[in-house]
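Note on naming: letters A, B, ... go to the chains in the order of the sequence lines (proteins, then strands), and numbering restarts at 1 for each one. No hydrogens, no waters, no symmetry mates; every other heavy atom, side chains included, goes into these values.
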Amino acid sequence: MLKRTHLCGSLRPSHVGQSVVLCGWVNTYRDQGRGLIFCDLRDREGLAQVVFDLEQVPPEVVEASRGLRREDVIAVKGIVRVRAGGPNPKLATGEVELVATELEVLNKTDNPPILPDEYEAEKINEEIRLKYRFIDLRRPRMQSILATRSKVTKAARDYFTKNGFLEIETPLLIRSTPEGARDFIVPARLHPGKWYALPQSPQLFKQILMVAGCDRYIQICKCLRDEDPRADRQAEFTQIDLEMSFVEREEVMQMMTGFVRELWSSIFSYDIGTVQRMTWQHAMDRYGIDRPDTRYGLEIEDVSDIAAKTEFGVFKEALAKSRHGRNGVVRAIRVPGGAEKLTRKMTDAYSEWVKTFKAGGVPVVKMTEKGLETGIAKFLEPVKAELIAKLGLQVGDAVLFAADHWDVAAKALGELRQRVARELNMIPEGKWNFLWVVDFPMFEYDDEGKRWVALHHPFTSPNPDQFGILESDPGACLSAGYDLVLNGSEIAGGSIRIHRQDVQQKVFNLIGLTDEQARIKFGFLLDALKFGAPPHGGIAFGLDRLVMHIVGTDNIRDVIAFPKTQSGGDLMTEAPGPVDDAQLVELNVRSTVPVV
RNA sequence: GGGGCGGUAGCUCAAUUGGUUAGAGUACCGGCUUGUCACGCCGGUGGUUGCGGGUUCGAUUCCCGUCCGCCUCGCCA
C-alpha cells in the first residue's frame, strides 16, 4: 500500500516539485475525455485536486482512474505542481494540483445513499444523515465540529490541571437515588432483584472526593437522564464536571470565569470582559427567566400599581390572585417601534401562544401621536400619563402585557420577550454575553407533591447569611448556587455544597425525607459529612451546549458524533434493540410487554 | 402523556377538485468530451407513494389506526 506523506488539505505552493502520496475519499471526479481526468480528493484536512494525464500514466492507472466514483477510497502518488488550468480560489489548496503517477484503489464504494458534499448535505433529512452517520461525519462541517469539540475538552484539561485539578473517574454503575430526573437502570446479575442506575451526574462522588482530600477534581463525563430530549438536550450528554475544596462561591465563579475567558480568547481571540452578576429574583422580574439573554433590551416592567387603578377586568382578576404568599401581578414589555412592526396577526398569535405557558393572553396597546390606541387603550386612558412615564413610552411603541400569578406572568413575558426579539431581529450578531445568575431560592413549593423541592439539588448549601431562615422560612431561603449563562442559555450550573451533616439532614427533612429514608438513600453521604468534610463547591459545564455556542448551531445532535433521536433511538445501530430470552433469564428480568 | 409539522425514485422535491402510463433535478449505468473544479453534451435504468385498514368506478390525494423523524408543552433535582 502506498504510504501517505501529506494530508490533502495541506498542499501549498511550497510543495511544488515534491513527490507526495495522498490518501482519502474521492469527493468529485471530472472526466474530460480520453486524455484527462480530475479528481478532488478529500481527507480530514480538506480537498486537493488530483490530475490524471492519461497519456502519461501506465495502462492500469488509466483503467483504474476512469473507474473512480465518488467516495471511493484511494491512495495517489504524484508530483505537486502549480495548477495548469489556473487557481481555484474556493479551495485552500487551490493554487496547486497533484499530477498522479500511481493510483491504488483501496476500497471501491457502493453507490452512496448520501454524499458528504456541503452543497447537498444541507438539504438532506436528518433522519438519513443519522442512519448513514459514517458518511455524514465526513462532511467538512462535521469534521470541523468534532475538531472544535476536541479543542474545548483539551482546553478544559489544560486550564484546570494547570490550576491544580486532578482528573478522576467516577463509576457508571451506581445506586439509584430519589429526586431529580428519571434514572436509566441496569439489572445487577449478581444480586437478583437489585439494580444499578446510570449516573445523572457524578455529584455525590465528586463531593466525596473532596471529603477524601483530593482538593480539586475535574472529569469530562457522560451523564444520563431518562427524560424526553429537546433540540438542545439529549438523554445522554457530556459534562465538564468540577469540584473545589476550601472555597466560597466567589472563588468558584472566578475560576470558571477564567476558563471561559481563556477558551474564548483562544478560539475567537475574543475578550469576554467582566462577567456581570444578576440575582435570580432580578432575572425573573426583569427577564422572566432564570437565564436572561442580555444581548437586547425589552426588559419587563411591573405595572401592577398602575393597573390596579384601571377598570380592566383581566387586570383586576390577576391582581386579586394569590399563591404561596405572592400576589398576582400585571407586567409589561415596551416594544420600541412595535406600533408598526407588531401586526394584529402577530399579537393575536402571541395571545394564543402564551396559553401554552398557562397565561390567559397578551393584552396590547400602541402609542401613536394621538395617544394610546388599539387593544386595551380605552381601559388605560385614566392611567395614561403614569403608564407612559413608567415605561418611557414614545410614539411608535407597543406594549405587551401579562396579568397573572407572578410566576405565570414572568414565564409568559419571558418567552414573549425572546420571541419578539427574534421576530423583530433585535438580537445583535457576534455578541457573547456571559452572565452569572446567583441567589437562587433553595426550594420551590411543589403543589402536586405538597412539599418543598430543591430548586438546584438537595446538596446545595444555603448562602452563608441564610442559615438562620433555612428552617423558619424555607421559601425565602437563598442558596449558594450559581449558573453561568451565555446569550440566554445555561452553560454551567453549580453551588457551594452542604459540608455539615446536621445541615444536610435538615435539608433532607425539609424536602420530605425522613431521617430513616435519608439514611437508606444517602447514608454514605451523611457518613462522609460526619468524618471531616471540608467546605467545598463546584460546577458542571454542559459540554454539548458549550460547543453548540462555539460552532453556532441550535441542534445538539450536530455536536455529538453519534446522537440519539427524540425517542432515544440510534438510527445507525438501531439501538435500543431486543435481547435474547437467555440474557433476561440470566439477569432475573422478565419483560411485561411482548417482544416485537 | 398532550399539541403541531412531515414521510412519494439512492438523495432533494413536484403531482390542479379524487382521474391518462406518478414527473423533475441530482446520483447511478452506457456513450461522447484534453483544463475542469456543483465540468459539459446525448441516451438509459430506477417507484410496496412509511405500514395496515376503510370510503370510492378510481386514492400520493379523503377517513381511521399504526410506525418513524422533527419542533414544542409537561418532564429535565
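- Across every strand in view, B:rC39 sits unpaired, with no contact that passes the Watson-Crick or G-U test at under 3.5 angstrom.
- Distances shown here put a side-chain N or O of A:Thr565 below 4.0 Å from the OP1 or OP2 atom of B:rG69.
- Residues A:Asn555 and A:Glu126 bring a donor and an acceptor atom of their side chains to less than 3.5 Å of each other.
- Among the heavy atoms of the strands, none lies under 4.0 Å from A:Gln200.
- A:Trp353 meets the ring pair (Phe, Tyr, Trp, His ring centres under 6.0 Å) test with A:Phe357; sequence neighbours excluded.
- In this structure A:Arg81 satisfies the salt bridge (Lys or Arg N to Asp or Glu O under 4.0 Å) test together with A:Glu97, sequence neighbours excluded.
- Among the heavy atoms of the strands lying under 4.0 Å from A:Glu97 is at least one base atom, whether or not backbone atoms are also near.
- Rounded to whole Å, the distance from CD on A:Glu71 to P on B:rC11 is 16 Å.
- Counting non-hydrogen atoms under 4.0 angstrom, A:Arg42 reaches nothing in the nucleic acid.
- Looking at every heavy atom in both residues, A:Pro116 comes nearest to A:Pro140 through O-CD, 3.8 Å.
- Contacts of A:Arg497 classified as salt bridge (Lys or Arg N to Asp or Glu O under 4.0 Å), with partners at least two apart in sequence or in another chain: A:Glu243.
- Side-chain proximity of A:Pro113 to B:rG69, B:rC71, B:rG10: nearest is B:rG10.
- Summarising the geometry, the separation between CD on A:Gln418 and P on B:rU72 is reported as 12 Å, rounded to the nearest angstrom.
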Check the interface with nucleotides 27-32 of chain B: list each N/O to N/O pair with the protein under 3.5 Å, or write none.
unit_1 : atom_1 : unit_2   : atom_2 : d
B:rA27 : O2'    : A:Asn111 : OD1    : 3.1
B:rC28 : O4'    : A:Asn111 : ND2    : 3.4
B:rC29 : OP1    : A:Arg69  : NE     : 3.2
B:rC29 : OP2    : A:Arg69  : NE     : 2.9
B:rC32 : OP1    : A:Arg34  : NH2    : 3.1

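- Contacts of A:Thr460 with the nucleic acid, taken as non-hydrogen atoms under 4.0 Å apart, are absent.
- The nucleotide B:rG69 finds its pairing partner in B:rC5, both defining distances of the Watson-Crick or G-U wobble pair being shorter than 3.5 Å.
- In this structure, the salt bridge (Lys or Arg N to Asp or Glu O under 4.0 Å) partners of A:Arg419, at least two apart in sequence or on a different chain, are A:Glu423.
- When heavy atoms are screened at a 4.0 angstrom cut-off, A:Gln32 is found touching base atoms of the nucleic acid.
- With respect to the salt-bridge test (charged N to carboxylate O, under 4.0 angstrom), the residues A:Lys131 and A:Glu127 do not qualify.
- Residue contacts shown for A:Ala84 include a base, since a base heavy atom lies under 4.0 Å away.
- Applying the salt bridge (Lys or Arg N to Asp or Glu O under 4.0 Å) test to pairs two or more places apart or on separate chains, none has a residue in residues 473-496 of chain A.
- For A:Phe522, the ring pair (Phe, Tyr, Trp, His ring centres under 6.0 Å) partners two or more places apart in sequence, or in a different chain, are A:Phe459, A:Phe508.
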N/O contacts under 3.5 Å, protein versus nucleotides 1-4 of chain B?
unit_1 : atom_1 : unit_2   : atom_2 : d
B:rG1  : O6     : A:Asp228 : OD2    : 3.3

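- Partners of A:His6 under the ring pair (Phe, Tyr, Trp, His ring centres under 6.0 Å) rule, at least two apart in sequence or in another chain, are A:His15.
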- Message: Base contacts versus sugar-phosphate-only contacts with protein, heavy atoms under 4.0 Å: please encode nucleotides 41-47 of chain B as B, S and - from 5' to 3'.
- Response: -------

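- Base pairing of B:rC57 is made with B:rG19, judged by Watson-Crick or G-U wobble geometry with both donor-acceptor distances under 3.5 Å.
- Listed by chain and residue number, A:His324, A:Trp452 satisfy the ring pair (Phe, Tyr, Trp, His ring centres under 6.0 Å) test with A:Tyr445 (two or more places apart in sequence, or in another chain).
- Among pairs with a residue in residues 503-513 of chain A, those fulfilling salt bridge (Lys or Arg N to Asp or Glu O under 4.0 Å) read A:Glu471-A:Lys506, at least two apart in sequence or across chains.
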